[in-house]
Each structure stands twice: as structure tokens, then as C-alpha cells.
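Side chains are part of it too, since the values below use all heavy atoms of this structure and drop only hydrogens, waters and symmetry mates. Residue numbers start from 1 in every chain, and the chains themselves are labelled A, B, ... in the order their sequence lines are given, proteins ahead of strands.
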Amino acid sequence: MSSSIPHDRLTGALRRQSVKKNVAAIHVSGKLTLLQRKLSNVLLLNAYDSLVTRSKHQIDARTLCMMVGYNSNDMDTLKQSLRSLAETTAEWDMLDANGRQEWGVSALLSYAKLSAGVCEYAYSPALAEKLHDPKVFALINLNIQRRFTSGHALALYENCYRFLRTGSTGWWPIDLFRRLMGLDGSAYYESFKHLNAKIIKPAVAEVNKTSNILITPELHKMGRQVSEIRFLIKENPQLAMLDIDDGEGLRQGAVYTALMELGVSDRLARQWISQHGEDYVSEKIVYLKGRGGVDSPVGYLSAALKNDYKAEKPVAPTPKAKAAAV
DNA sequence: GAGAGTTCCGCAAACACGCT
DNA sequence: AGCGTGTTTGCGGAACTCTC
């Protein structure tokens, strides 16, 4: 190209305080389950402030479980997840401060250990430096990520969100897209129709339903074959960032309290309320209380919600509930 | 016929969570 | 803190239609 503009002074580069790092250039290879993705984000968030100043970080294991929305006492699963994070690599390909191309690879966590209920972990110095970027921080919106139920949807969200200002992602060769979703190495998904049916459609639907962006897939074909994909991205007016709460609001409600008293688990209670609405759930609770003699209230309530039991004339209860009612 | 698109099914692994 | 168990998710596949 001809334009090596000489009057663009070197001092210009010196004056520029903020070096633009390309967040899009960090990507994680291999497959992470939803729990693992959430976990890595929580760990990063926890470490963020001291990312470059301290070489190791700590978080209470209980808090950790709570923040990823994982309510179980099963430490084995947590261990498994931490292990896979340590085994997973992150790769970056970006311009360094001098405008030179830099490529690098690092384990997501250099180590993690659990002792006395505290989880201690560390990032490799090189990765920590890459991660210490306000844009990365903004990306990790816990309130949003906690809402996702599918790992693919969260992966898609993470890969799309940073293009919000641009309005669309670039055209991704299908190959690249598969890698972004952590699906490479699967013969099954080499067929686009399968990829579309199992991954793209459900993930797009979930992103649009639960996050603060709306995405629309667009396809490029070469002949009949789909060769590239991109996503148009808009803000989701229905779900501005501020409107999204993490279920804490629900936990204050009377319906939630009533469910807890019946012995319903936290997760299920939130799921029912958000799925059916408070009124409907509370109607069924009233109905349940009117029945009496039910020895598995939770199971009965579950059936009542699903089959819309009415006070006048109960629809045939499930076998289990029927047995319980005798 | 080749590939997309859709709708079923089944299995294994991951996960949730009460119980002890 | 770990075990047992029921549920959900991920993944592969079959069958069938639709459109170039």
C-alpha cells in the first residue's frame, strides 16, 4: 500500500494511553462444560483486582460454589472441574504494545488446590497479563452467565457480546465456529445440519431469551454448502443489563418462602417461579395445602404444576402422588 | 442425489441435592 | 465430607421431507 503517512507522528503513539487489546483474540481450546465456564469466570472475577500484583489467589470454596450457582456438597465434582480448567489451554493472538504480533498459549489455571474449605489457585503470569483488561472484566457479567443453562449458549454469548458495538461478528468459517463452540474433533458436527439443529438454534434461542443481547445468525453458502456464519447483534431492549437480577429478587417473595417451607430446593423453587409465575405457583400451593394427607408434598406439587391440578376436580394424579395420597 | 432442515430416540456423562 | 440417586445435558444417530 502507498500510505505510510509521515506526518502521523511517533509522539501520537506515545500520547495514546490506552493500548487497544483485542479481547476477541483470547480463546479457549477444548471443551468446557457450563459449570467449568462459570467456574473459570468466577475465579477470574475474584482474582481480577490483584491479577497482576499477586501470584496466587484465594476464594472460599463455599462462596465459590454459591457464586456459580452450584449448590451441592459434592467436592468431587468441584475437583473435577478445577482439574479440567488446569488441563485446558487458552490461546491468544494479538498485537502487543509495540504493534507486533504476539501469539501465546497457557493453561487456564496454573494450579488449584483445595484445603480447609479454601480454594487457592493461580494464573500463569503471561495469561494474567492478557486477562487484565477492562473489556475482559466487562465480559464476565455474572448475573447474565448464571442464567444460562446450556454451555453452548454461554459460549456463543461470550463470543458475540464483544461485538455488540460493531453490530455483528465477522464472517466465521464454519470450522472456526466449531472451534469457538468447543466442538472440533466431532465428526457428527461436520455436517452443518446437525450443527445447526443441535447447537446453533438452541443456543441462539437461549441467548435471545436470557441475555441482554439479541442475535440473528446469517449464513454464507458456497454452492449448497454452508461455508461461513456470522451473527448480527443488537441490544435486547427487554433485558437491559440493569433489569437482570440473579434470582435474589425472587428469594424475597412470599411464594419462594412458602416453597422453601415445603422443603423445595432453592434451584427448583426459582425454576418454578420463573417458569410458571408467582401466581400460578401460589395457587398450586394453596391447592396442595387444601388436600392434606399428601406425604410427598414436593412431588405432588411438581405434578400439580405440570398438570394444572384444579381445586374442583383434580386431574388424574401421577402414580406416585396417587400412592402418596392414600 | 446431495445437502439442508426437522423431529424423533437412546445412552453416557455431568450435575443437583438430600441423606448420613 | 462423601454416597446414592434422580434429573439434565451433550452427543450421536435414524427417519423423513424439502429444495436445489
Side-chain angles (χ1 to χ4, degrees), chain A residues 30-40 42 60-85 87-88 113-119 145-157 174 177-207 209-210 217-229 247 259-272 274-275 295-303 305-306 318-321 324:
Chain A
K31 307 167 192 214
L32 288 181
T33 67
L34 180 67
L35 178 64
Q36 288 157 1
R37 275 176 187 281
K38 288 178 175 175
L39 195 59
S40 69
V42 170
D60 181 61
R62 273 267 202 63
T63 317
L64 185 57
C65 289
M66 226 177 62
M67 288 183 78
V68 293
Y70 168 66
N71 20 5
S72 160
N73 291 324
D74 192 350
M75 286 295 138
D76 245 23
T77 315
L78 183 60
K79 275 184 224 162
Q80 272 300 124
S81 302
L82 286 171
R83 172 178 328 175
S84 43
L85 288 187
E87 284 168 357
T88 304
K113 66 180 188 184
L114 286 167
S115 80
V118 173
C119 173
Q145 74 167 24
R146 202 163 7 181
R147 300 166 64 93
F148 284 102
T149 59
S150 141
H152 299 312
L154 180 55
L156 184 61
Y157 173 78
I174 292 301
F177 178 73
R178 266 193 226 104
R179 235 175 311 137
L180 290 174
M181 292 289 112
L183 296 169
D184 49 338
S186 160
Y188 185 67
Y189 292 119
E190 274 166 29
S191 151
F192 181 80
K193 65 173 176 177
H194 292 143
L195 186 67
N196 195 22
K198 305 286 178 145
I199 307 293
I200 302 176
K201 291 207 165 175
V204 165
E206 186 169 354
V207 167
K209 199 180 74 195
T210 62
E218 278 198 335
L219 306 176
H220 239 175
K221 292 192 179 183
M222 281 182 56
R224 282 179 200 157
Q225 206 160 5
V226 177
S227 58
E228 294 182 311
I229 187 169
L259 287 174
M260 289 317 264
E261 276 165 13
L262 286 170
V264 178
S265 70
D266 171 73
R267 196 184 72 93
L268 206 52
R270 279 183 289 136
Q271 187 186 317
W272 283 348
S274 55
Q275 194 176 336
D295 84 2
S296 166
V298 179
Y300 191 88
L301 189 57
S302 161
L305 285 166
K306 199 186 291 173
T318 63
K320 189 182 167 193

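- Taking 4.5 Å as the limit, some side-chain heavy atom of A/Leu259 sits within range of a side-chain heavy atom of A/Leu301.
- With sequence neighbours left out, A/Glu218 forms a salt bridge (charged side-chain N to carboxylate O under 4.0 Å, His left out) with A/Arg230.
- The side-chain heavy atoms of A/Leu156 and A/Phe177, taken from C-beta on, include a pair separated by under 4.5 Å.
- Among residues two or more places apart in sequence or in another chain, the side chain to side chain contact (heavy atoms under 4.5 Å, CB included) test is passed with A/Leu114 by A/Ala61, A/Leu78, A/Lys79, A/Leu82, A/Cys119.
- Under the rule for a side chain to side chain contact (heavy atoms under 4.5 Å, CB included), the partners of A/Lys193 that lie at least two apart in sequence or sit in another chain are A/Ser191.
- Following rounding to the nearest Å, A/Leu78 (CG) and C/dA1 (P) show an atom-to-atom distance of 11 Å.
- For the pair A/Arg178 and A/Tyr189, the tightest heavy-atom approach, listed with the atom from each and the gap, is NE-O, 2.7 Å.
- In this structure, the CD1 atom of A/Ile199 is 11 Å from the C1' atom of C/dT9, given to the nearest Å.
- Atom NE2 in A/His152 sits about 12 Å away from atom C1' in C/dG12, given to the nearest Å.
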For nucleotides 4-10 of chain B, give me one character per nucleotide, 5' to 3': B if any protein heavy atom sits under 4.0 Å from the base, S if the only such contacts are to the sugar-phosphate, - if neither.
BBB-B--

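- Residues forming a side chain to side chain contact (heavy atoms under 4.5 Å, CB included) with A/Ala153 (at least two apart in sequence, or on another chain): A/Phe148, A/Ser150, A/Ala203, A/Glu206, A/Val207.
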Pairs under 3.5 Å (N/O, protein and nucleotides 12-14 of chain B):
none

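- Protein atom CG of A/Leu39 is 10 Å distant from nucleotide atom P of B/dC15, rounded to whole Å.
- The CG atom of A/Leu219 sits 7.0 Å away from the CD1 atom of A/Ile174 when rounded to the nearest 0.5 Å.
- Rounded to whole Å, atom P of B/dG3 lies 16 Å from atom CG of A/Leu195.
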